[in-house]
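The structure appears right after this line, and notes come after that.
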There are 2 protein chains.
Amino acid sequence: MTESAGGEHAGTMSISDVAERTGLSTHTLRYYEREGLMFAPVDRASSTHRRYTEADLNWVTFLTKLRMTSMPIAKIREYVELARQGDDSTAERLDLLLVHRMNVERQLEEVTASLAAINHKIGIYQERLSA
Amino acid sequence: MTESAGGEHAGTMSISDVAERTGLSTHTLRYYEREGLMFAPVDRASSTHRRYTEADLNWVTFLTKLRMTSMPIAKIREYVELARQGDDSTAERLDLLLVHRMNVERQLEEVTASLAAINHKIGIYQERLSA
DNA sequence: GATTGACTTAGAGCGTGGTTTAAGTCCTAC
DNA sequence: GTAGGACTTAAACCACGCTCTAAGTCAATC
């Protein structure tokens with residue numbers, strides 16, 4: 001009943017499969033799980049090796065979006081804990097994401113403004129070199 | 001010969017003046033200097049207290065642009081060391097900044113793409129709440 | 001059914017970028 | 001000239017997010 005490519009098993013994946021698909025290391029995947037960032041504990045094959053479902057993969061992928069936008073681990077954990085409470089927590093999760101979005105937008109503005117200053121300096125150097 | 005406001009002295013500023021103007025802490029300003037990020041050592045009043053010139057302030061301000069765009073301290077030090085060599089290093093400084101610009105642009109793209117996914121989730125929550 | 005490489009846990013270690021502490025010195029105001 | 005706050009240094013400390021180690025277990029292949 002095992003599959004060929006990558007050692008996948010009827011729609012489930014090993015930790016290294018998920019590592020490859022998400023760009024995270026297996027270390028980091030275990031670390032995230034330990035930190036309580038998974039929606040639910042990952043299933044185990046034979047009660048030891050992790051078997052990730054597609055839903056697990058999608059969840060981890062969303063986690064990486066939060067991390068890429070610099071949401072701290074602790075804040076992600078808050079979000080996950082709300083998510084585990086089900087639909088009742090929708091308003092709180094929305095608030096959390098709206099606050100985060102504002103942070104990200106401010107961050108983008110700051111980086112963009114700094115980039116403009118760097119571009120200005122680049123222009124000065126290019127002029128100096130063409131002279 | 002002392003000035004009134006802020007304790008400034010004929011165009012020079014105390015470390016706390018610079019902290020206020022740059023948004024950095026006095027600790028961080030000393031740390032950057034220790035790390036060799038100043039173009040030249042900051043002048044001292046009475047051989048102890050730092051006196052920053054406008055040029056120092058401008059330099060620190062540019063450093064903050066590099067930091068805001070996540071240039072590591074070590075890379076900034078490289079840049080500073082080139083800058084201290086004078087105009088001969090213009091091409092190398094330009095290269096360094098061009099590489100950095102590519103990194104920043106990729107970073108901006110990643111953050112923007114992640115933000116889109118977060119916005120998608122926000123939309124789902126908003127729909128769910130309005131139902 | 002043995003080998004071998006992937007997996008497991010718990011816990012220590014690390015890189016980065018500051019921040020804090022301790023002990024002391026200096027400058028401004030009175 | 002003295003009080004008090006701002007300044008000084010060297011060095012220890014910290015938060016964060018991983019990353020690595022050690023010692024052992026498991027699973028796919030031969």
Q) Does atom CD of B/E20 have more than 12 heavy-atom neighbours from other groups under 6.0 Å away? A) no
Q) Under 4.0 Å between a Lys/Arg side-chain N and an Asp/Glu carboxylate O for A/E33 and A/R44? A) yes
Q | Residue-level proximity of residues 67-79 of chain A to DNA chain D when a heavy atom falls under 4.0 Å | A | A/R67, A/P72, A/I73
Q: Could you state the atom-to-atom distance from NE2 of B/H49 to C1' of D/dT9 in whole Å?
A: 12 Å
Q: Verify the contact: side-chain N or O of A/S14 to OP1 or OP2 of C/dA6, cut-off strictly under 4.0 Å; return yes or no.
A: no
Q: Taking side-chain contact (heavy atoms from CB on, under 4.5 Å) as the test, write out the residues that go with A/D95, two or more places apart.
A: none
Q: Flag the pair A/R128 and B/D87 as a salt bridge only when some basic side-chain nitrogen lies within less than 4.0 angstrom of an acidic carboxylate oxygen.
A: yes
(Q) Please determine whether a side-chain nitrogen or oxygen atom of B/R51 lies at a distance below 4.0 Å from atom OP1 or OP2 of D/dC7. (A) no
Q | For B/V99, the option from B/N103, B/L97, B/L96 that meets side chain to side chain contact (heavy atoms under 4.5 Å, CB included) | A | B/N103
Q | Protein-nucleotide distance (A/H27, atom NE2; C/dG15, atom P), rounded to Å | A | 15 Å
Q: Using the six-membered ring wherever Trp is involved, compare the ring planes of A/Y125 and B/Y79 and label them parallel, tilted or perpendicular (cut-offs 30° and 60°).
A: tilted
(Q) I need the single residue from A/L29, A/T22, A/T12 that forms a side chain to side chain contact (heavy atoms under 4.5 Å, CB included) with A/Y52. Which is it? (A) A/L29
Q: Choose from D/dA6, C/dA6, C/dT8 the nucleotide whose nearest atom is closest to any side-chain atom of A/R50.
A: C/dT8
Q | Co-membership, hydrophobic cluster, residues B/L94 and B/I76, 4.5 Å side-chain | A | yes
Q | Residues A/E81, A/K75: salt bridge by 4.0 Å N-O rule | A | no
Q) Which ones in residues 29-38 of chain A lie close to DNA chain D, meaning a heavy atom under 4.0 Å from one of its atoms? A) A/Y31, A/Y32
Q | Length of the line joining A/I15:CD1 and D/dC26:P, which is rounded to integer Å | A | 17 Å
Q) Of all the nucleotides listed (D/dC26, C/dT20, C/dT19), which has the minimum atom distance to the side chain of B/S25? A) C/dT19
Q: Please state how far atom CZ in A/R44 lies from atom P in C/dC7, giving the value in whole angstrom units.
A: 12 Å
Q. Considering only D/dT19, C/dC7, D/dT8, which nucleotide approaches the side chain of A/T28 most closely?
A. D/dT19
